[in-house]
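Notes to accompany the following structure.
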Amino acid sequence: MDHPVSSGSPKQTLPGSTRLSPGPTPPPAGQTITPWLMVVLVVVLFSGGLFGYDQGVISGALHGIKARFSLSPLIVEVVTSWVTLGALFGALGGGELADRLGRKRAVLIAGALFTLGSLVQSLAPDTVILVAGRLTVGAGVGVAAVAAPLYAAELAPTSLRGRFVSAYQLAITVGIFLAYLVDGWLSKSDSWRLMLGASAVPGLLLFVVALVAPESPRWLMKMNRRADAATQIQKIRPGVDFKPRLDAIETALREESGRASWGDVFRREWRRPLLIGIGLAVFQQITGINAIIYYADQIFAAAGFISQSSQTTVTTWAIGGVNVVATLIAIAYIDRLGRRKLLLAGLIGMGASLAVVGIAFRLIAKAAAGAASTGPSGAGIVTLFALVAFIICFAFSMGPVTWTVINEIFPGHIRGRAVAVATAVNWGSAFLVSQSFLSLIGAIGISWTFGLFALFCGAAWIWIFYRVPETKGQSLEQIQQLWKPEPHAPDRPIPS
Ligand code: BGC
């Protein structure tokens, strides 16, 4: 499965961007967003938003769930983290669905899974059904995580593609923030069923919007449905001369060696981009973001924020709100400063703030041994600020840059499946971290747990410094050249 414009070169302009001038080469894509492109954007925003909501909501819902079902720490971890296990399988299936049934139908399926999973969770009579609902929602998250950015990339004009894909990460953070707000509103009554069930409404809306949304002309061309592809292009960009655009897609399809198999993704030729995609996916998670997103309330409780409402307030604003705002910084600077600078600077901040959290928790533990806590101590406040610093640093670096790089390093013919592999690995790592976070705290203590995340930041920094090339300002075709065995001159030398 490929993206229609794999190079960003003027020759391979995306369908439906501006009025074409006569001649064989379409002009560069324009900036106009037509009503149907708005529909595409809505699909992307709903997909990202639901992904974020379904991840973030559990933090506030846990309290009520524990009161209702009296759960062991292991089951708390299962209820929290199995959404990521579902997402892992959903991501692997998502690549296949988007290839076989089309991008639009894959998003439709994600919408249906979101709705079904939300309803199952909110009506669950016992923990088994609750976990089944978590898995179903997770599958929706995984399918959407592969299909939505792919759908965005294939339908957005070249000049807007970066922003369309970035809007997806922004929507994730808005979804997490909304989840925290909903948790805050409903926590007084401990209405966890409503918290978990609330996403059925946007899930259904996503389904309805995807139903009327256009299909990717690129996918239609791949399925030899040229007439349908022409109809879609005319729908997305009324008045545009569609023939040269379809020809450009046809040429690009011919250049790519037909339908790739899963085996092609793992070919020696593509080992380096695959390792970069997988490495970033793993490091994004093992540096601790979702341990904080999922267990924020409990971390703040340990830092001395004893009342449920104070925990919810700091989680909502210090984690959720800050995450949204700092993601805007990334969107503004990712193409100006480049991927490497953001990643390397962000990781230094993430590592330092995690180390501070680790030390602060040592002090909190010492103080707690002496007296009963009446509220956050000095060390508790330091923990709060350090976690805010961590979120800011993550949100302008490892958060959006990971997804940007994963979506730009693979050659067109293996991109869908390779992105699916990296996405599944990302969810697998998220699963491992969230599944083991509480057990890890039990085994080595909260200080060392954060210390371990800080160590992983150091490892990520070194690995990125030596292994991840700068891709800023390069067309996808140029990026592909980086993986050729010939000597090349990227921003940083890449050891072979
Ligand atoms: C990550 C998620 C994380 C979110 C936080 C995303 O890039 O993939 O796992 O929860 O950022 O903003």
Side-chain angles (χ1 to χ4, degrees), residues 44-45 47-59 80-88 90-91 94 137-138 140-146 148-149 165-180 277-296 299 315-331 334 339 342-343 346-347 350 387-388 390-407 419-435 437 453 456 460:
V44 172
L45 292 176
S47 303
L50 278 161
F51 167 158
Y53 184 89
D54 283 311
Q55 280 209 116
V57 74
I58 195 67
S59 158
T80 305
S81 64
W82 277 32
V83 79
T84 56
L85 198 62
L88 190 161
V137 153
V141 169
V143 173
V146 173
V165 180
S166 305
Y168 178 69
Q169 169 72 19
L170 186 66
I172 295 175
T173 63
V174 171
I176 294 172
F177 180 53
L178 284 178
Y180 285 166
I278 289 177
L280 284 172
V282 170
F283 277 125
Q284 189 200 48
Q285 295 300 327
I286 64 171
T287 43
I289 181 66
N290 283 324
I292 293 167
I293 300 270
Y294 295 164
Y295 295 105
I299 296 170
T315 296
T316 304
W317 296 102
I319 305 291
V322 166
N323 198 12
V324 175
V325 177
T327 304
L328 292 173
I329 306 174
I331 291 173
I334 188 164
R339 285 67 164 142
L342 289 185
L343 285 173
L347 277 164
M350 285 165 65
L387 284 177
V388 168
F390 173 83
I391 292 291
I392 293 174
C393 293
F394 174 87
F396 76 70
S397 65
M398 289 301 281
V401 181
T402 296
W403 293 118
T404 306
V405 174
I406 284 176
N407 277 283
V419 168
V421 169
T423 306
V425 169
N426 183 267
W427 286 111
S429 314
F431 172 69
L432 284 181
V433 172
S434 52
Q435 178 72 24
F437 182 60
F453 291 148
F456 287 142

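The shown structure was predicted, so the numbers you read here are calculated from the model rather than taken from an experiment. Atoms within each ligand, like the ligands themselves, are counted from 1 in listed order.
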Taking every heavy atom of Ala148 against every heavy atom of Tyr168, the minimum-distance pair comes out as CB-CE1, 4.0 Å
With Gln169 via side-chain hydrogen bond (donor to acceptor under 3.5 Å, both in side chains) - residues at least two apart: none
Please name all residues satisfying ring pair (Phe, Tyr, Trp, His ring centres under 6.0 Å) with Phe437, sequence neighbours left out, ordered by chain then number. Tyr295
Among residues at least two apart in sequence or on other chains, which ones pass ring pair (Phe, Tyr, Trp, His ring centres under 6.0 Å) with Trp403? none
Which atom names give the shortest non-hydrogen contact between Gly399 and Gln284, and what distance separates them? O-NE2, 3.2 Å
Are any protein N/O atoms closer than 3.5 Å to the N/O atoms of ligand 1? If there are, list each pair with names and the distance to one decimal place.
from, atom 1, to, atom 2, distance (Å)
ligand 1, 7 (O), Gln169, OE1, 2.9
ligand 1, 7 (O), Gln169, NE2, 3.4
ligand 1, 7 (O), Gln284, NE2, 2.9
ligand 1, 7 (O), Trp403, NE1, 2.9
ligand 1, 8 (O), Gln284, OE1, 3.0
ligand 1, 8 (O), Trp403, NE1, 3.2
ligand 1, 9 (O), Gln285, NE2, 2.9
ligand 1, 9 (O), Asn290, ND2, 2.8
ligand 1, 10 (O), Gln55, NE2, 2.8
ligand 1, 10 (O), Asn290, OD1, 2.7
ligand 1, 11 (O), Gln169, NE2, 3.4
ligand 1, 12 (O), Asn323, ND2, 2.9

Taking all atoms of both residues into account, what is the closest heavy-atom pair of Val141 and Ala87, and its distance? CG1-CB, 4.2 Å
